[in-house]
S.K.: 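The structure's right below; bear with me while I get my questions together.
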Number of protein chains: 2
Amino acid sequence: MSKLPYRIENVGGHQPIAAETASHECCLVVKGYVSARSAGSTQSMQIPSIHVPGDVPDLGKIYDSELELEMAALGAVVVAFVPVRGLRELADYSSNIRAGLSLLLLADSYMLRNALSNVGSRNALARVAHLLCELYARLHAVGLARTEEIPCPFTQADLGEMCGLSAVHINRTVQQLRERGLVEWHSRVIRLIDRAELARLAGFSPAYLRVPGDRTSRRLHYGHSLAAAE
Amino acid sequence: MSKLPYRIENVGGHQPIAAETASHECCLVVKGYVSARSAGSTQSMQIPSIHVPGDVPDLGKIYDSELELEMAALGAVVVAFVPVRGLRELADYSSNIRAGLSLLLLADSYMLRNALSNVGSRNALARVAHLLCELYARLHAVGLARTEEIPCPFTQADLGEMCGLSAVHINRTVQQLRERGLVEWHSRVIRLIDRAELARLAGFSPAYLRVPGDRTSRRLHYGHSLAAAE
DNA sequence: CGGCGATTTGACATCGCTCAACGCTCGTGG
DNA sequence: CCACGAGCGTTGAGCGATGTCAAATCGCCG
């Protein structure tokens with residue numbers, strides 16, 4: 001019971017992740033960013049949630065085997081597939097693990113709620129600022145992002161989809177952030193120059209992400225990552 | 001173990017629900033609509049999720065005792081408060097109940113994801129149409145909405161917040177829906193004249209709500225409601 | 001009747017989208 | 001080494017969708 005079997009896979013570009021084996025394996029993000037949108041909604045522009053290393057976008061499969069998420073790699077990505085069955089057994093085994101998994105599930109809805117109020121009630125500038133703050137906070141929480149830089153293998157158009165904005169307008173918005181001396185964006189790396197001001201502008205409150213000094217969800221995420229990689 | 005204690009409460013108008021006792025009781029919607037937004041985000045316009053009878057907006061408290069949602073009544077509402085502890089014990093007692101509760105939690109993120117793609121990628125007309133379709137589907141799933149009418153004790157401004165639109169624009173959009181012969185809206189009741197066309201216009205696919213012919217989540221919602229009211 | 005909240009309407013401002021074009025960088029093949 | 005094309009970032013022009021403000025109307029209730 002101490003080891004979960006897993007299977008590592010490299011995915012590049014804007015490739016889809018694991019459409020076939022989907023039903024019996026969960027996908028742990030090990031490196032890079034993964035976008036997830038609910039399958040079936042094939043409509044053009046969609047605002048998916050984005051996942052960082054340590055996340056398990058389709059963790060819900062543990063409880064709902066019919067859950068289908070369309071996941072895609074934003075830039076080069078390393079993912080690990082873990083059998084759902086193993087996770088289920090793990091959950092049955094210990095009530096602590098059960099609680100942890102549920103917390104992870106909950107964390108997901110926190111983020112969604114958050115993203116919802118982001119696209120629903122902020123203008124372009126604040127939306128992008130908010131997304132950057134959130135990304136930073138989440139990376140920081142799992143030990144990445146020690147400096148003020150966040151790697152950005154994805155394109156501006158991708159950013160647009162996350163914020164519900166067109167690629168063109170994203171560009172202009174980013175330029176505005178640059179002019180204000182808040183961020184730099186060079187060669188696939190975004191540097192947050194003035195994170196405090198960025199957060200103020202975005203109305204970003206890390207509290208409702210449960211991320212920063214957080215003791216439960218994120219830690220569990222991380223521990224989970226270790227467990228699967230061990 | 002067969003009965004959960006509970007406490008019924010009537011709330012009217014745009015009143016907040018249970019800010020004080022929040023931490024140790026969950027709130028089951030019995031009658032009417034309840035809006036829920038994550039606490040702390042006191043910013044003006046927010047797009048909360050909306051909950052219908054049978055829902056437990058703050059069910060997450062079972063696993064995260066610090067979860068705080070600002071709930072409010074949209075029109076007259078009846079809610080039942082159930083001690084979190086009782087629910088926890090219930091969950092510990094049976095793995096089926098555990099699975100059911102997790103499914104309910106999951107259903108919540110489905111709805112959020114859905115709402116996200118709604119405000120993120122549709123224009124005003126489609127957003128409103130989509131919201132109406134969703135509301136109908138959810139009411140129908142719990143046995144309300146036998147006809148094509150959905151009670152609407154809330155104001156157009158409320159509808160606006162749900163869709164991320166201004167009150168004025170909501171009004172114009174509703175009028176457009178009326179002109180197209182899709183809906184009527186008289187005296188606190190919305191009547192869906194042409195639900196098929198409405199769904200087409202909205203790109204509404206009940207599938208990703210897990211609601212209509214659904215065998216798990218919604219039924220459990222309902223069963224839950226019964227359990228608590230019994 | 002008076003008053004209040006909700007709906008409606010009009011005028012106007014603004015934001016963000018679309019279309020189209022251009023430049024830049026990089027990898028690929030001649 | 002150079003030509004070329006592809007993908008991405010950038011820029012400009014025009015416009016449609018939506019927000020804001022203000023006022024009129026309607027309906028309900030005291």
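As a basis for the values below, the full set of heavy atoms in this structure was taken, side chains included, without hydrogen atoms, waters or symmetry mates. Letters A, B, ... are given to chains in the order of the sequence lines, protein chains preceding strands, and every chain is numbered from 1.
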S.K.: Hey, does the side chain of Q175(B) come within less than 4.0 Å of dT7(C)'s phosphate (OP1/OP2), counting only N and O?
M.R.: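 Result: no.
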S.K.: For the pair R191(B) and E149(B), find out whether any cationic side-chain nitrogen is under 4.0 Å from an anionic carboxylate oxygen.
M.R.: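 The answer is yes: the pair qualifies as a salt bridge.
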S.K.: Looking for any heavy atom pair under 4.0 Å, which part of the strands does R127(A) touch: base, sugar-phosphate only, or nothing?
M.R.: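 The residue R127(A) makes no contact with any strand.
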S.K.: How many whole angstroms separate atom NE2 of H186(B) from atom C1' of dC28(D)?
M.R.: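 Going from H186(B) (NE2) to dC28(D) (C1'), I get 16 Å.
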S.K.: With heavy atoms under 4.0 Å as the rule, sort A167(A) into base, sugar-phosphate or nothing.
M.R.: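 The residue A167(A) makes no contact with any strand.
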S.K.: Taking OP1 and OP2 of dG16(C), is either one under 4.0 Å from a side-chain nitrogen or oxygen of T173(A)?
M.R.: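 Checking T173(A) against dG16(C): no side-chain N or O falls below 4.0 Å of OP1 or OP2.
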S.K.: Tell me: CH2 of W185(A) to C1' of dG9(D), nearest whole Å?
M.R.: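 Rounding to the nearest Å, CH2 of W185(A) and C1' of dG9(D) are 10 Å apart.
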S.K.: Salt bridge check: are E197(A) and R180(A) linked by an N-O gap of less than 4.0 Å?
M.R.: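 Not counted as a salt bridge, because no side-chain N and carboxylate O are separated by less than 4.0 Å.
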S.K.: Of the listed nucleotides (dG19(D), dG9(D), dA6(C)), which one gets closest to any side-chain atom of R188(A)?
M.R.: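 Closest of the options to the side chain of R188(A): dG9(D).
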S.K.: Using only side-chain N and O atoms of R122(B), determine if any of them is under 4.0 Å from OP1 or OP2 of dT18(D).
M.R.: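 Answer is no, no contact under 4.0 Å.
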S.K.: Please confirm whether the shortest side-chain N or O distance from T155(B) to OP1 or OP2 of dG5(C) is below 4.0 Å.
M.R.: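 No, outside the criterion.
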S.K.: Near DNA chain C, which residues from residues 147-154 of chain B have a heavy atom under 4.0 Å away?
M.R.: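 Heavy-atom cutoff 4.0 Å gives no residues at all.
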S.K.: Between the base of dG9(D) and the side chain of R172(A), is one N or O donor paired with an acceptor at under 3.5 angstrom?
M.R.: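 In this structure, the two groups form no donor-acceptor pair.
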S.K.: In whole angstrom, what separates H169(A)'s NE2 from dC15(D)'s P?
M.R.: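 Between P of dC15(D) and NE2 of H169(A): 19 Å.
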S.K.: When all nucleic acid strands are considered with a 4.0 Å heavy-atom cut-off, which category describes V174(A): base, sugar-phosphate, or nothing?
M.R.: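 Since no nucleic acid heavy atom lies under 4.0 Å of V174(A), the category is nothing.
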S.K.: Assuming nearest nucleotide by heavy-atom distance, tell me which of H14(B) and V168(B) is located more 5' along DNA chain C.
M.R.: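 The residue closer to the strand's 5' end, by nearest nucleotide, is H14(B).
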S.K.: Could you check how far CG of N171(B) sits from P of dT9(C), rounded to whole Å?
M.R.: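 Taking atom P of dT9(C) as the reference, CG of N171(B) is at 7 Å.
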S.K.: Expressed as a whole number of angstroms, how long is the span from I170(B):CD1 to dG19(D):P?
M.R.: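 Taking CD1 of I170(B) and P of dG19(D), I get 9 Å after rounding.
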